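These numbers come from a predicted model, not from an experiment. First the proteins, then the strands, lettered A, B, ... as listed; each starts at 1. FYI, side chains are in, hydrogens and waters are out, and symmetry mates aren't considered; it's all heavy atoms of this structure.
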Protein chains: 2
Amino acid sequence: MSRERSSRKSSNTRRRTRRTVKDRLGKPTIADVAAVAEVSVATVSYVINGRTNEVSPATADRVRDAVRELGYVRNLAAAALTGKKSRLIAVIVPEAGKRTEGSDINPFYGEFVFRFEQQARKYGYGLCVHGGTEEEYIQFLLERGVESAVLVGVPERAFPESLVRNDVHCVLYDSFDHNRVHSLVRTNEVKGGYLAAERLIDIGKKHIVFAGDVDPNRKNDVMAMRYEGAVKACEMAGLNPPRLFPLQTSYDDGLRAAEEIANSGADGVVVPADILAAGLIEGLQNLGRNVPAHLAVVGYDNLQMSRFVRPRLTTIDQGLQEKVEALMQIIHNRNVGDIRIIDPRIVVRESA
Amino acid sequence: MSRERSSRKSSNTRRRTRRTVKDRLGKPTIADVAAVAEVSVATVSYVINGRTNEVSPATADRVRDAVRELGYVRNLAAAALTGKKSRLIAVIVPEAGKRTEGSDINPFYGEFVFRFEQQARKYGYGLCVHGGTEEEYIQFLLERGVESAVLVGVPERAFPESLVRNDVHCVLYDSFDHNRVHSLVRTNEVKGGYLAAERLIDIGKKHIVFAGDVDPNRKNDVMAMRYEGAVKACEMAGLNPPRLFPLQTSYDDGLRAAEEIANSGADGVVVPADILAAGLIEGLQNLGRNVPAHLAVVGYDNLQMSRFVRPRLTTIDQGLQEKVEALMQIIHNRNVGDIRIIDPRIVVRESA
DNA sequence: CTGAAAGCGCTTACAG
DNA sequence: CTGAAAGCGCTTACAG
């Protein structure tokens, strides 16, 4: 049906760009669509990209019909090559496999990824995940032409200049950027820590400890801020600042630390991650301690899991949905350098 | 430093392909590398792709030095355009958001994605996730040039021909393919159901029910096979086949169904998903029933969560790591049509 | 062992 | 409103 027009082309052009539908085995291309619709590839490109003011309605319809007829789907990789954005977002969970003992990963990451995927899809982005080392993920971002990278829980440090230079928009999530150079979404961690300690104080606890790895040299990472909040709450209640138990964020670390914490004289503990809290509670119960009577625990994150643990976990809700939406806004509008800090709230269940 | 050679080129060639490092603002390209190394782009391409037998060692070294000097990272999208594979895998969880009540997703998906990501990375693949409708994910796969799609838990049905026609390798995961046309990785579900019911029988239970949505018209889906196994175990013990309670796989469905199951006269229940089991146990406890004394429950999946639930969940381990490795093999070797069925095992904890 | 050139599928000035 | 052509960054026969 498209013979007529194509036969008008010079044989040279024809050999180079012209193909009938049957010639092709794989996906139809824009040239196939153009042939069927009897227009140029430029015109097809215009209507595919919605630049319909460049094209007459009738032509646009012909093109759309051809698209449908051929089952044409555009090749985004080719489009990206021409300077269009790749519309690819990557969620980077640095060294995901090493985040916890064994191969169990903090369930937070799963909840995060699937929530965020819904947002990304809604805005027409594709979503990749990567759990490698810094070197690996930088290479990944660059070679895939990723537009925006969400870095989940990265420790503060000098940021790889190569990402900035290559124009990948980095958004830190639950991280801290001392130099305020990257976009950032996180919870008000100081407030979170405050709410957690405050709850313990409210139920009459006097000897509050903090089960997290706070590096005294890095005043401004997430753990340090949660701790700062807890300290503040204790101060306001005339209590000593919480003693620190430097644990990693894993179930097994909680399990192992139970005895030491139980014997420390503490009657309340702020645990800056639900998964850690689950392990700790398990360990305390193995020792015959009652939670919350003997030792009350407040978790952090309000994961699905916090409802499964017995006693049910009192925890800090970090406002995941709100954060994920903020993330998407910053990415979509490319508000480089924007910072969004979401207020947490406490969810009181049974453990405190 | 590369002036010498480039000045030998014709001015035409030079204008079209030659650039000094400084001319470029964005990523260096293969042409930049070629210029610095004073070779042609073809040579650069050869050494980047490890076709070193095409290039002398000395030349290869020069190229590698130039790559390092410029911080060159190849553009995989451009490479894919030339017929190379995209090395992109997508994990498709159809309508992830609708898989459970509200927006909580079965934690299984998170565990799966991060386990699989490690495999994919190890083999040099990028991993995307998609949780949309069939129409959405087909478009996604096609426009991104995804090489292989892992379809997690898709109901059996006629498969979209467009994916096959466009050469995306579909691997079904925990699904069933009646026509045996797609690659497939799953657990031996019949055995899983058998082990679950067997455990209940072993601890003396006589009235076993099954809390899953088994469609009598589709003999061969995952749920039906688990049920088949449970029936078999009951038969061998001289018991009646388990009564069916058609629940969806969500915490809330378990919670809601507790009363009906508790009043059904059952003393043991096979629950084909840990998340469902968690909800059910919660509901049973709210009713004052003791698990396992009054009603024993066996879950399915052996999620991390099964250790947090009280009583700790006895469950069927589906061999996630083994399955994820099998998946990777099938994808990497492109064994289209391969089927791998992994044996499950029972993990006995407290709930049965 | 090395290079020039065509081509992958697309977009975008630029002419008409 | 429409089309011819250059170019995005890469790979791969094909010549030398």
Trainee: Any carboxylate oxygen within less than 4.0 angstrom of a Lys/Arg side-chain nitrogen, looking at B/K27 and A/D167?
Mentor: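 Looking at A/D167 together with B/K27, the answer is no, because their closest N to O distance does not fall below 4.0 Å.
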Trainee: Please tell me which of A/R51 and A/A78 maps to the more 5' nucleotide of DNA chain C, matching each residue to the nucleotide holding its nearest heavy atom.
Mentor: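 This one resolves to A/A78.
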Trainee: With a 4.0 Å cutoff (strictly under), does any side-chain N or O of B/T59 reach OP1 or OP2 of C/dT2?
Mentor: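 For B/T59, the contact criterion (side-chain N or O under 4.0 Å from OP1 or OP2 of C/dT2) is met.
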Trainee: Return the value, rounded to whole Å, for the distance between atom CG of B/L76 and atom P of D/dC10.
Mentor: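 Whole-Å distance recorded here is 10 Å.
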Trainee: Quickly work out the A/L81 CG to D/dC10 C1' distance and round it to whole Å.
Mentor: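 In whole Å, D/dC10 C1' and A/L81 CG are 8 Å from each other.
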Trainee: Take atom CG of B/N49 and atom P of D/dC10, then tell me their distance rounded to the nearest Å.
Mentor: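 Checked: the CG to P distance equals 10 Å.
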Trainee: Considering every strand and a 4.0 Å limit on heavy-atom distances, what is the contact class for A/A42: base, sugar-phosphate, or nothing?
Mentor: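 Counting heavy atoms under 4.0 Å across all strands, the contact made by A/A42 includes a base.
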Trainee: Can you confirm whether A/K122 is buried at NZ, in the sense that more than 12 heavy atoms of other residues, nucleotides or ligands lie under 6.0 Å from that atom?
Mentor: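 Check fails, neighbour count at 12 or below.
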Trainee: Reading DNA chain D 5' to 3', how would its secondary structure be written in dot-bracket notation, given Watson-Crick and G-U pairs with both distances under 3.5 Å, brackets [ ] for crossing pairs and | for partners on other strands?
Mentor: |||.||||||||.|||
Trainee: Please tell me if A/T43 has a side-chain N or O lying less than 4.0 Å from either OP1 or OP2 of D/dG3.
Mentor: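 Yes, A/T43 has a side-chain N/O under 4.0 Å of OP1/OP2 on D/dG3.
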Trainee: Among C/dT11, C/dT2, D/dC10, find the nucleotide with the atom closest to the side chain of A/A79.
Mentor: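 Closest nucleotide among those given: C/dT11.
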Trainee: Would you indicate which nucleotide in D/dA13, C/dG9, C/dC14 comes nearest to any side-chain atom of A/Y46?
Mentor: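 For A/Y46, the side-chain atoms sit closest to C/dC14.
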Trainee: Could you tell me how far apart B/R74 (CZ) and C/dC8 (P) are, to the nearest whole angstrom?
Mentor: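 The distance from CZ of B/R74 to P of C/dC8 comes to 22 Å, rounded to the nearest Å.
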Trainee: Could you tell me the separation between the CD atom of B/E38 and the P atom of C/dA4, rounded to a whole number of Å?
Mentor: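 Atom CD in B/E38 sits about 13 Å away from atom P in C/dA4.
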Trainee: Write down the distance between CG (B/N75) and C1' (D/dC10), rounded to a whole number of angstrom.
Mentor: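 Computing the B/N75:CG to D/dC10:C1' distance gives 8 Å.
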Trainee: When you get a sec, tell me which of C/dG7, C/dT11, C/dG3 is the closest nucleotide to the side chain of B/V39?
Mentor: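 Selected nucleotide (nearest to the side chain): C/dG3.
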Trainee: So what does A/S56 touch, heavy atoms closer than 4.0 Å: a base, only the sugar-phosphate, or nothing?
Mentor: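 Sugar-phosphate: the residue A/S56, judged by heavy atoms under 4.0 Å, touches backbone atoms but no base.
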Trainee: Mind calculating the distance between CD1 (B/I30) and P (D/dG7) to the nearest angstrom?
Mentor: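 Rounded to the whole Å, the gap is 18 Å.
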Trainee: Could you give the NZ-to-C1' distance, from A/K27 to C/dC10, as a whole number of Å?
Mentor: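 Distance check: A/K27 NZ to C/dC10 C1' gives 13 Å.
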Trainee: Considering residues at least two apart in sequence or located in another chain, which fulfil the ring pair (Phe, Tyr, Trp, His ring centres under 6.0 Å) criterion with B/Y72?
Mentor: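 None.
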Trainee: One thing to verify: whether B/E147 and B/K85 come together as a salt bridge, which I'm taking to mean a side-chain N less than 4.0 angstrom from a carboxylate O.
Mentor: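 The answer is no: the pair does not qualify as a salt bridge.
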Trainee: Checking the side chain of A/T43 only, and the main-chain atoms of A/V41 only, is there a donor and an acceptor separated by less than 3.5 Å?
Mentor: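 Between the backbone of A/V41 and the side chain of A/T43 there is no qualifying donor-acceptor contact (under 3.5 Å).
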Trainee: Are the side chain of A/E136 and the backbone of A/T133 linked by a donor-acceptor contact shorter than 3.5 Å?
Mentor: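 Yes, A/E136 side chain to A/T133 backbone: donor-acceptor pair under 3.5 Å.
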Trainee: Between the side chain of A/D61 and the main-chain N/O of A/A58, is any donor-acceptor distance below 3.5 Å?
Mentor: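 No, the answer is negative, given that no donor and acceptor are paired below the 3.5 Å cut-off.
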Trainee: Is any side-chain nitrogen or oxygen of B/T82 closer than 4.0 Å to OP1 or OP2 of D/dC10?
Mentor: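 So the side-chain polar atoms of B/T82 never come under 4.0 Å of the phosphate oxygens OP1 or OP2 of D/dC10.
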